[in-house]
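Below you'll find the structure, written out as structure tokens, and then a few comments.
Just so it is clear: chains get the letters A, B, ... in the order the sequence lines come, proteins before strands, and each one is counted from 1.
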Protein chains: 2
Amino acid sequence: MNRPSKNRELESLKTNYKSIADVTCEKLRKAILEGVFSPGEQLKERELATLMGVSTTPIKAALQRLGMEGLVTSLPMRGSFVAENISAILTEVGLIRAALEGTAAYLAAMKATDEEITTLQGQIEKMERCTADRDIGRAIEANTNFHEIIHQISGNHSLQQMTGIVRQYDDITRPQALSDESQMVQGLQEHKAIFEAIKAGDPEGADASMRAHVLRNTRFLKQQGLGVGK
Amino acid sequence: MNRPSKNRELESLKTNYKSIADVTCEKLRKAILEGVFSPGEQLKERELATLMGVSTTPIKAALQRLGMEGLVTSLPMRGSFVAENISAILTEVGLIRAALEGTAAYLAAMKATDEEITTLQGQIEKMERCTADRDIGRAIEANTNFHEIIHQISGNHSLQQMTGIVRQYDDITRPQALSDESQMVQGLQEHKAIFEAIKAGDPEGADASMRAHVLRNTRFLKQQGLGVGK
DNA sequence: ATCTAAAATTGGATGTATCAGATTCGACGT
DNA sequence: ACGTCGAATCTGATACATCCAATTTTAGAT
């Protein structure tokens with residue numbers, strides 16, 4: 001295979017391929033967050049494999065990923081265990097996302113070009129229309145795009161990978177986050193503040209606005225009681 | 001196997017077991033950072049397996065971890081590729097560490113008990129002695145312990161996991177970071193500032209001090225030219 | 001009843017064969 | 001010479017058997 005010369009070219013080569021390990025990981029994460037497995041419960045590879053109708057190979061890959069997210073604790077030769085406090089995990093993940101997304105906004109404010117700012121402005125306008133139309137589906141998509149573009153502007157590949165780890169939680173919780181109209185409106189205001197800071201070339205402002213946005217969202221979700229026994 | 005009731009108990013159960021996958025991952029990371037594999041070069045599982053004398057199973061696990069770190073980009077069915085710009089990766093990882101360690105310091109400042117503060121003070125005193133004695137080996141160990149204790153105080157398990165991902169880079173670069181005596185002294189001053197902020201119960205101060213510390217270190221290492229072709 | 005050592009069990013780790021997706025190459029028709 | 005299509009090849013993904021580490025259970029001695 002010829003060697004792609006840029007990470008961005010690699011990105012463009014990405015297919016929509018979703019492996020059994022990917023699907024398994026998503027199902028396990030969802031099951032843990034929904035309380036199918038209790039806090040502290042042991043997760044045995046062979047048992048999970050039988051339960052999910054796959055071999056232990058994708059189970060191992062899935063547990064490794066969930067381990068990096070903090071949702072599972074694995075000990076060599078001893079087994080994997082569900083985190084003790086799922087609600088706390090969601091709050092922890094919110095803090096991590098705030099830190100990582102804040103860093104992305106900081107970098108974006110430092111290096112955004114006029115063209116990139118125009119693209120971001122387009123997303124803001126899309127979100128304004130979605131909010132006015134109360135179109136939650138499109139709002140979710142525009143919301144995701146807004147955050148994604150900031151990461152692209154930041155140009156920090158490792159940051160994007162790391163944020164991708166915790167983004168799963170965002171994708172799971174975002175529909176609920178936007179189901180409350182006042183939260184939706186507030187989210188839009190916060191996105192505008194982030195955008196203005198990036199446009200103004202204000203890294204500290206962009207960082208602070210993004211963190212405040214993610215943290216407000218995290219508090220709202222905690223208050224809504226997302227997680228075990230939902 | 002009886003189910004451990006707390007994550008901390010799980011931590012205490014940890015053995016020193018190091019799997020073939022663990023060793024393989026460390027060797028691969030080191031080889032990439034030292035320029036054995038060129039930026040953009042394709043990493044083929046079967047080839048690496050033969051080269052390293054193992055099966056593809058631990059190679060897969062290693063590539064998955066390196067992928068989460070941003071050091072490798074993997075495409076399903078297409079292969080894995082070394083990141084294009086290793087020097088940039090180290091800088092990126094520094095930014096991520098600053099954000100994550102800053103968050104840990106923030107949380108530690110919010111919740112540290114008198115006993116925990118005393119433990120941290122003990123580490124500061126150890127570092128003072130190491131610096132005075134110019135004992136780099138013990139300084140490295142005390143440095144690692146200082147950061148580790150802050151994470152334990154923060155009580156954020158996911159944050160600890162995520163920081164653990166990027167900590168590999170810190171463990172690789174720290175000897176060089178502390179080889180310069182003025183950097184060692186400066187590092188101690190910065191640790192003192194972090195400690196004072198945690199002791200004072202000043203979350204913002206602890207966050208800012210920690211970030212400044214990690215970022216100063218990142219800039220120094222970049223200036224030293226760590227990475228490809230070293 | 002208690003202690004110790006060996007055996008059995010549990011559960012993760014690895015090797016290897018095979019499957020599956022994507023790309024490259026060669027044959028054939030125009 | 002060029003385009004198309006199928007075969008071959010490349011490379012990751014998965015299934016499954018086996019290995020290995022750690023824990024639990026059992027048997028025997030005291």
Side-chain angles (χ1 to χ4, degrees), chain A residues 1-5 9-28 37-38 40-68 71-83 161, chain B residues 1-5 9-28 32 37 40-68 71-83 161:
Chain A
M1 173 181 289
N2 286 330
R3 139 185 166 188
S5 55
E9 286 180 44
L10 286 178
E11 293 297 323
S12 71
L13 283 170
K14 273 177 175 170
T15 69
N16 288 326
Y17 179 82
K18 182 167 278 187
S19 66
I20 293 179
D22 292 336
V23 174
T24 301
C25 190
E26 287 169 11
K27 286 180 173 174
L28 263 181
F37 301 106
S38 305
E41 182 173 350
Q42 183 170 8
L43 301 172
K44 305 172 186 179
E45 294 186 3
R46 290 186 179 87
E47 225 175 72
L48 288 175
T50 302
L51 196 66
M52 305 184 83
V54 297
S55 77
T56 54
T57 311
I59 297 292
K60 283 184 200 304
L63 290 174
Q64 185 176 17
R65 290 182 223 180
L66 296 176
M68 292 197 173
L71 202 55
V72 154
T73 301
S74 296
L75 298 174
M77 308 299 185
R78 294 168 182 274
S80 299
F81 302 87
V82 176
Q161 292 293 101
Chain B
M1 172 180 288
N2 285 329
R3 142 187 163 185
S5 57
E9 286 180 44
L10 285 179
E11 294 296 323
S12 70
L13 283 170
K14 273 177 174 169
T15 69
N16 287 326
Y17 180 83
K18 182 168 278 187
S19 66
I20 293 180
D22 292 335
V23 175
T24 302
C25 190
E26 287 168 10
K27 287 179 174 176
L28 262 181
I32 291 171
F37 301 106
E41 182 173 352
Q42 184 172 6
L43 303 173
K44 304 174 185 180
E45 293 187 3
R46 288 181 178 85
E47 226 176 73
L48 287 176
T50 302
L51 195 65
M52 304 185 82
V54 297
S55 77
T56 54
T57 311
I59 297 291
K60 282 183 201 303
L63 290 174
Q64 185 177 18
R65 291 183 222 177
L66 295 175
M68 292 199 177
L71 202 55
V72 154
T73 301
S74 296
L75 297 173
M77 309 302 182
R78 296 169 184 272
S80 298
F81 302 87
V82 175
Q161 292 294 100

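- Per the geometry, CD1 belonging to B/Ile59 stands 16 Å off P belonging to C/dA13, to the nearest Å.
- A distance of 5.5 Å separates CG in A/Leu28 from CD1 in A/Ile59, rounded to the nearest 0.5 Å.
- Of the two residues contacting DNA chain C, namely A/Ser80 and A/Thr57, the nearest-nucleotide position lying further toward the 5' end is that of A/Ser80.
- Here the side chains of A/Arg65 and A/Asp22 are in contact, with some heavy-atom distance below 4.5 Å.
- A/Lys60 places its NZ atom 14 Å from the P atom of D/dC16, with the value rounded to the nearest Å.
- Closest approach to the A/Gln42 side chain among C/dG21, C/dG15, C/dG11 is made by C/dG11 (side chain taken as heavy atoms from C-beta onward).
- Phosphate proximity of C/dT23 to B/Arg78: present, with a side-chain N or O under 4.0 Å from OP1 or OP2.
- Place A/Arg46 and B/Arg46 on DNA chain D by their nearest nucleotides, and B/Arg46 ends up nearer the 5' end.
- Across the protein-nucleic acid pair, A/Arg65 atom CZ and D/dA13 atom C1' stand 11 Å apart, rounded to whole Å.
- Using a 4.0 Å heavy-atom distance criterion, A/Ala61 is classed as making no nucleic acid contact.
- In this entry the distance linking CG of A/Leu75 with P of D/dC20 reads 22 Å, nearest Å.
- The distance from atom OG1 of A/Thr50 to atom CD of A/Glu45, rounded to the nearest 0.5 Å, is 11.5 Å.
- In this structure, A/Phe37 and A/Val72 have side chains that are not in contact, with every pair of non-hydrogen atoms separated by 4.5 Å or more.
- The nucleotide whose nearest atom lies closest to any side-chain atom of A/Met77 is, among D/dA13, C/dT16, C/dG11, C/dG11.
- Side-chain contact check for A/Ser38 versus A/Val82: every heavy-atom pair is 4.5 Å or farther apart.
- Residue contacts for A/Ala49: at a heavy-atom cut-off of 4.0 Å it reaches no nucleic acid atom on any strand shown.
- Separating the NZ atom of B/Lys44 from the C1' atom of C/dT23 is a distance of 12 Å, rounded to the nearest angstrom.
- The separation between A/Glu47 atom CD and C/dG12 atom C1' is 14 Å, rounded to whole Å.
- Rounded to whole Å, atom P of D/dA13 lies 6 Å from atom CD of B/Glu45.
- The nearest whole Å value for the distance from the NZ atom in A/Lys18 to the P atom in D/dA13 is 15 Å.
- A/Leu48 comes within 4.0 angstrom of no nucleic acid atom, judged by non-hydrogen atoms across all strands.
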